[in-house]
Every structure is written in structure tokens, then in C-alpha cells.
2 protein chains.
Amino acid sequence: MAIKLQVGDCSDILKSVEPGSVDMVYLDPPFFTEKRHRLRNRDRSQEFVFDDLWGCHKKYAEFMALRLKLCRDCLSEEGSIFVHCDPTANHIIRTILDELFGRENFRSEIIWSYKRWSNSKSGLLPSHQNIYWYSKTSSFKFNRIFNGYSESTNIDQILQRRSRDAHGKSIYQRDENGEVVLDDDKVGVPLSDVWEIPYLNPKAKERVGYPTQKPILLLERIIEISTDPGDFVLDPFCGSGTTLVAAHLMKRDGLGIDVSQEAIELAQSRIESPIRSKSNLLEKGRDSYRTADKNAMVLLEGLDLNPVHRNKGIDAILKQTFDGGPVLIRVQRSHESLSEAANSLLKAARKKSCKLPILVKTHSDHDALFSEDTPEGVYVVGSAAMEISGLVEKLTAKVQNKQHFAVHGNTAAELIIQRAVQLKKGPSLL
Amino acid sequence: MAIKLQVGDCSDILKSVEPGSVDMVYLDPPFFTEKRHRLRNRDRSQEFVFDDLWGCHKKYAEFMALRLKLCRDCLSEEGSIFVHCDPTANHIIRTILDELFGRENFRSEIIWSYKRWSNSKSGLLPSHQNIYWYSKTSSFKFNRIFNGYSESTNIDQILQRRSRDAHGKSIYQRDENGEVVLDDDKVGVPLSDVWEIPYLNPKAKERVGYPTQKPILLLERIIEISTDPGDFVLDPFCGSGTTLVAAHLMKRDGLGIDVSQEAIELAQSRIESPIRSKSNLLEKGRDSYRTADKNAMVLLEGLDLNPVHRNKGIDAILKQTFDGGPVLIRVQRSHESLSEAANSLLKAARKKSCKLPILVKTHSDHDALFSEDTPEGVYVVGSAAMEISGLVEKLTAKVQNKQHFAVHGNTAAELIIQRAVQLKKGPSLL
DNA sequence: AAAGTAAATGAATCAGTAA
DNA sequence: GTTACTGATTCATTTACTT
């Protein structure tokens, strides 16, 4: 069979693996957290418990050094090892790896960064883990992956060919006419060592209830850059078997080892019927969720608020509450009338016991010349553009009135205008 | 003087710093790269050379241990140290820090991640550096920073209050009618330990040609979370002095030390006239790369106007004229006061025989609580954000007045509020 | 009118942290 | 130990829209 699973301590089992037969090792060893971890699966039928209690860090270091040495022995000449650590003790493992593989075979510190549930910690919210990549020799296998250029990159510049000037600095090449010279095809930016991959979600179908389960995408990427189909992958702390599931899906062979019988059974069943939940976030991108309009946010700049996505009726919520309820803000879009915008806001506001829904009016309806019905139930606030056009209109009318009806004295319209001007508290102009 | 700079080896100079007098230490020590670094500044007038040649890592460890120990001695009980490392040797420094400060005082591994130009090496593109944060004791100073919620977050749910069910699992609270119960103010998401800050743009004015120069935003954030104004900041390897420039701008005191006379001179001149190139990339996010001027235009969207570039006093001219002259519009910038903006506009208006200069007010000065002097000669128009904060403030005052002084009848404040509310034509609230 | 699809939104949980 | 807080994510369900 392509994928094998064995119950036991890897320090025993690895001795029977043929030296040089493994192309890539991925380890997710126990962390040095000095805590007991406990988790139930979804239907509460099983509880998984494991300890990260080591007493002192020397014991932990010895435990790891022995096993990492055995992993090294299994590796082929072109092979690589990826060791997953958490930020509290990565230096202990890193020091061991430096000694075993040599500083010159350190390839990368991969940062797996993710967003996740916040907590009340005083300090920064931990949201990354480290993966150390060492190769057995300097001639290691590596498959390049390229990504698109960043949005702010000047694509014209990328396409220009470069050369070195007299001082050895890089400059853009020009031909005899002083024109820029275009470069050959550019494939994109090489994969960076910081990987933003969403944390495996509590609700993901992929999740099997086993603690420490890694997103399959993380393992797919590691397998992708370091192995080819048919290569052999080893995971000596395989847990619920994500590494082997990924290897199986990508047509690699492999061996998974774990001390827990339950873990191995779980891994076996996952390999037989792999579930790989597709992530909307990764597939469609973060922007697909973004509904809070960027222009709308600019209008609200300076306010202390939280932008709201995934809600058509609301653009933002003030951080400050009002009368026990949230303050909801909506900006009128260019294509919608004031009453449409108001209805949309009101509908959302009703469910949230909001006592102060605020609508920002950005334009007038064309059919309503002098006044517009103020929508019921929302507070309407004008944008700067609204105020300006109102002001100019009124003052222009006033000037024209002065010219044409100077003898008639105050008309009704003029009285309205005067009041409007007073309200604006503008300086006396005429 | 608030900021002091000294030439010399910090192992000598630190001995004369009073123990417990330093609130925060930031170090960007020489890396253990085994290479000689050489860099010229822009006009090639100066060459900076510094060595990272250590022979063996024990020498490097000794060098660092001695100096880190001295830094620890300077720190106050609430103080913190931030040590900047690169991924090739972070474990050496980390191990020393664990011994000196204790594992229990490890606070965070901060990942500074950035995008940068690709090189051709085989492997992953290095695009992060590590900063280790240790505190002297467990009662450390920390100022919280909150960011917006993720685009994929369901804010409706976030606003609900929660409790525990029989199994101790978290559930959403409901009142006796089965309705959801809303929670108090939501501030946002605590700052994560992965910071994406653009690498200093090679063309940025901030760059002075000194190697390993860090973006000032990075230092500002470290200073922000760990110190208050008036606190004392120490940088024993200050180089071109970014730490001290940031400390100076943020009204902290500080001491910078460097072995190089040139570096100290450079740092001195930077502190005397700090240039802070603000990174558009960071302020507006990678995906909305636009300038402050463009933001001003968004505020004016819907008006029929011609944008004006490269004129400090004017942002736009209405296509419509007023009383034979142009209508000039200026948007108050976030860093300028209303009167500054007004003067700037007036100066430009005079040359253009403008009879209607309009100023858009985007924020209040903090010292002016209730009213601000209206500048003479210009029309002031409020932005939507201004109107909203005014509205919420007034209504909140009204609600509170109702509760506390219900029997007193109309107070002066209430009358003002009522008038304001009438003007807004909002719906009757109470 | 019924069926099928797309979009909106409601719900559940965690190698968390602190008092 | 026990209890209270936390928000990003995907799954589930409901609503809206199209054919």
C-alpha cells in the first residue's frame, strides 16, 4: 500500500526504516507548553488527552534530539525535514537541528500565520507558528511556486530589463535611442517564507476532533515544494494523519507513526475517505467578504467605529453605544435613493435594538427639486458634498434675487435663504 | 535634553546608566551572518562597513550575553526589552534571553513580515524578521491596540452576549422572550504578533543610506505598546537612530549608543529634523493604494468640479461659478487645524478673485469642546463624520440629562440640543 | 406558479487567557 | 479547579431572485 500507518513510539519504529529511503519528513512533535491538553470530538463520543509536561527543558531536548537524529538517518541525500514548533520553545528545537543538520543546511524559517479567536491576554495575540526547514545536504530538491505580483507593484518596471552600472548597482537598461528594453516573461514572485493560511476552523468538516489538527493546505504546500509524485513522506508524530492524507491525495507514498491507537485508527479512516473542506476565504479571497464600501469609509474617517461586512443594511457600527443599543451607520450609495437606503438601514436596525440609526445622504434625487421627504425613523446627516451644493444653490439664488427683485424687498424664498445662511454660520458675504 | 546620543561600546556606557531607570530597550544587534556588510549612502560620499564575522557562534553568544545582561540591569520593574533578530540565528539570542529573563517572562515572538524584491536563490524568499519581547517581571506595561474585525466575521453575532451551557460550552444568551441579548461596546481585535509593515521603500526620504535601517512605523508600534509619553527608551546599537527619532516624535526620552562616530552624527541630524515618510501602503492597506488627496476627492464626490493638484490651498474648483468668480474648495487635512486650513485656502482665494471659498471641516481640535471659532472669510461646511459625532454627543447628553434632571425642566443645554435635533429633522426620539 | 439557484445571515466552537 | 470572555471561520438555514 502507498500509505502505511503504525502504532508505537517513533524512536523504536524509525530504526526499522531503511536509511536514505525517505524524501521528506514532516514532524509536528509535542510542544514544550507544560500543560495538559484535552479535547472531545464533535459528538462527545471520544476524548483525546495528551500531556506536554516535561519538568525541565533538558528532558524535552533529549526526547527531541534522539528522534530527530533517527529522522535524519532515514533521509535521502536530496531530502528535507520540516519541523513544526510553537513560538514558546522553537529555539530549543532549532538548536538541536543546527547541530544535527549543520547551520549550512538551514533553508528557511517558515512562518505559518493565521487569524484566530481572540482572548483576554495582556499582550499581543499569538497568531503564528514556526516551521523549520533543514535539508540533509546542500543539493536539495525544491519545486518553485510563484505567486502574483502585489497590487502596488509597478508592472511597467517589472517588464524592463536591468543591468549593472559602473559601481555595480542595478539600473534599468536602455537601448541606443534611450528607450527602455523589455525583459523576458516574468513568472511572478517566488513563494515567501510567510504563509497566511486560515486556521482549521472549529466548524470545518475537515476537522475530526483531534487536537493539533493542521489544515491540509499547509501540508500540501510543504509536500509540493519538497517532493515529486511517487516520493516517500514520513510523519513520526502523525496524530490524526493530515500529512498522510495530503500525501495520499498528491500521490506520494508515506509512513505515519503515532503512539495513540485511536489516532492511528482515525488517520486510517481519513485516508480511506479523505475530506478536504474547501475554504471560501482561500478560494474567493478576503475581498469577496468585503461589503463595507471603501468610499463610504472615507466619508466616515475620523470616527471611532468598526466597519461592518456581510450586511447590506449597515456600513459601520460606532464603538460607542447609545442608550443601551448600538449606533448603526449607513452611507447612501450613488445608485440608490434616500428612501431605499433608509429602508435598508431600518430593516437591519430593527433586529439589533438600535435606537440611533444614522443615514449619510450623499446626493439628492433629481425629481425632488426643493425638498425631499425625510425618511421616518432614521437620522439623516448630510455629506460635505451635499452641504456644498446646497450652500452654493442658495447663495446663487440670493444674488440673483438681489439683482432682479431688489425693489421687492424680502420674498419668501429670500427669507428661507437667509435662515439657511445663518444656520451655516458662514461669514456675512454680501 | 530629551534624547541623548553617545559614541562607544554599549558594554562600557551601559554601566553608567542608572539601574531601573529605563522603561524600554530596543536592540538591533549585529546579526550572526558570517559576512562582511558594506553599503554606500545615496551620493556615495560615505561608506559604511560593519562586520558580522564571529568565527564561531560561542563568541557571538558571549558578546550578546554580556550586553543583554547590562540592558536587563537598566530596566525598570515594568520594563520590557525587544530584540531584533534575523531568522538565521534567532535561536542563539533567544536562548540567552530565556536564561537572563526567564521563560516565564517571554511575552511574544513578533514577526515583522514584508514584501520585497525577489532574488534568484533556490528555496523560499526570506521575507520576515523576528523580534523577541521579554519583560523584566510579570507585571509589565502594555498599552492595548485594537484593529478592525476580519471581513469574514459576522458582526451581528459578535454583538451578542454569551453564557455557558451545562457542559461549560459557550452559547448565546437569550432573554425570557427568547430574544438575543446585546453585549456592551465592542472595541475590535487585539493586535496580533505578526506585523506586516512594508520594508523601507528604497526611495523613501526616510532612508539615509545606513545599512539595516528599520522603518519608523515598526519602532513607533513597539514604543506605543510598551511605553507612555515621558518614559525612557534605550537603544544600545542605535545605528542611524530610527528608534530615537521615533521616541522623539512620540515625546519619550531616550539614549542611543553606537560604536560608530558617523552613525551617531547621522542619528543626531535625523533627530534634529525628523523626516517621516508616511507609508501610503500601510495607512490605506495594500489593496487601496491611494493618496490623501484622493480621499479628499471622495468627500466631494457628486459635485461637478475640477480637481486641483499641486496647490496647497485648493483641492477643487466647482465648474459652476459664483458671482463672476470661481468657487474654491479645500478639505481640512487630518494633521491641520481649522484655522490653518482656512488661512491656506484664503491665501489662494485672494489671488483668484474668489467670492465663495468653501472649507470642509473634517475634525475638531481637541481643546475646543463645545464650539470652535469660525474662521473669518470662508464658509465652513461639515463632513458627515463631523455631523455624526456631533449628533451622537448631543443625543447622549440629552438622554443623560433626562435621567438625572428630569424634574428640572428645560436646561440651557437641553434647549441647544432640541434646536440641534430640530435642525437635523431627525425623527422624534423620546 | 414552481423549481432551481444565489445571496444573506444565523450558529457553533477552539494546541486561548485571566481572575 | 472553575468560570467568564473572545472573534474567525465554515456549516446550516432562510430569503431573494431568476427562469
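All chains are named by letter (A, B, ...) in the order of the sequence lines, taking the proteins before the strands, and each is independently numbered beginning at 1. Values in this document were obtained by computation on a predicted structure and should not be read as measured data.
- Where A/K352 and B/I171 each meet DNA chain C at their nearest nucleotide, the meeting point lying more 5' is that of A/K352.
- At a threshold of 4.0 angstrom between heavy atoms, the contacts of B/G188 are confined to the sugar-phosphate backbone, with no base atom among them.
- At a cut-off of 3.5 angstrom, counting only N and O atoms as typed in the model, there is no donor on one side facing an acceptor on the other between the side-chain of A/S118 and the base of D/dT6.
- Distance B/L159 CG to D/dG7 P: 10 Å, rounded to the nearest Å.
- Qualifying side chain to side chain contact (heavy atoms under 4.5 Å, CB included) partners for B/S192, counting only residues two or more places apart in sequence or in other chains: A/S127, B/V194.
- The OH atom of A/Y114 sits 18 Å away from the C1' atom of D/dT10 (whole-angstrom rounding).
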Under 3.5 Å between N/O atoms: give me all the protein pairs with nucleotides 11-18 of chain D, atom names plus distance.
| from | atom 1 | to | atom 2 | distance (Å) |
| --- | --- | --- | --- | --- |
| D/dC11 | OP1 | A/K205 | N | 3.2 |

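- As judged by a 4.0 angstrom heavy-atom cut-off over every strand, B/D183 is placed among residues touching the sugar-phosphate backbone only.
- For B/R174 and A/S122, each mapped to the nucleotide of DNA chain C holding its nearest heavy atom, the one lying further toward the 5' end belongs to B/R174.
- Applying the side chain to side chain contact (heavy atoms under 4.5 Å, CB included) rule to A/K214 yields the partners A/Y26, A/D28, A/H84, A/W112, A/Q129, A/T212, A/L218, A/L219; only residues at least two apart in sequence or on another chain are considered.
- Residues passing the side-chain hydrogen bond (donor to acceptor under 3.5 Å, both in side chains) test with B/T95: none are found, sequence neighbours excluded.
- Here A/R67 pairs with A/D9 under the salt bridge (charged side-chain N to carboxylate O under 4.0 Å, His left out) rule; sequence neighbours left out.
- Considering only residues two or more places apart in sequence or on other chains, A/E196 meets the side chain to side chain contact (heavy atoms under 4.5 Å, CB included) condition with A/S113, A/R286.
- Identified under the salt bridge (Lys or Arg N to Asp or Glu O under 4.0 Å) test for residues 108-128 of chain A, with sequence neighbours left out: none.
- Atom CD1 in B/I155 sits about 9 Å away from atom P in D/dA8, given to the nearest Å.
- A/D258 and A/S260 form no side-chain donor-acceptor contact under 3.5 Å, judged by distance and modelled atom types alone.
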Q. How is the base pairing of DNA chain C summarised as a dot-bracket string, given the Watson-Crick and G-U wobble criteria with both distances under 3.5 Å, [ ] for crossing and | for another strand?
A. .|||||||||||||.||||

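- Judged by atom type and distance alone, A/R116 does not reach the base of D/dT6 through any side-chain donor-acceptor pair under 3.5 Å.
- Note: NE2 (A/H309) to P (C/dA8) measures 14 Å, nearest angstrom.
- Side-chain atoms of B/D156 stay outside donor-acceptor range of the base of C/dG10, with no qualifying N/O pair under 3.5 Å.
- Under 3.5 Å, the side chain of B/Q157 and the base of C/dA12 form at least one donor-acceptor pair of N or O atoms.
- Residue order along DNA chain D, read from the 5' end via each residue's closest nucleotide, puts B/I158 first among A/S279 and B/I158.
- Sorted by first then second residue, the side-chain hydrogen bond (donor to acceptor under 3.5 Å, both in side chains) pairs that include residues 303-319 of chain A, not counting sequence neighbours, are A/D315-A/R333.
- Classification of B/D228 and B/K141 as a salt-bridged pair holds, one side-chain N sitting under 4.0 Å from a carboxylate O.
- The side chain of A/N119 approaches C/dG16 more closely than any other nucleotide in the set C/dG16, C/dA15, C/dT9.
- At whole-Å resolution of the value, CZ in A/R286 and C1' in D/dT10 are 14 Å apart.
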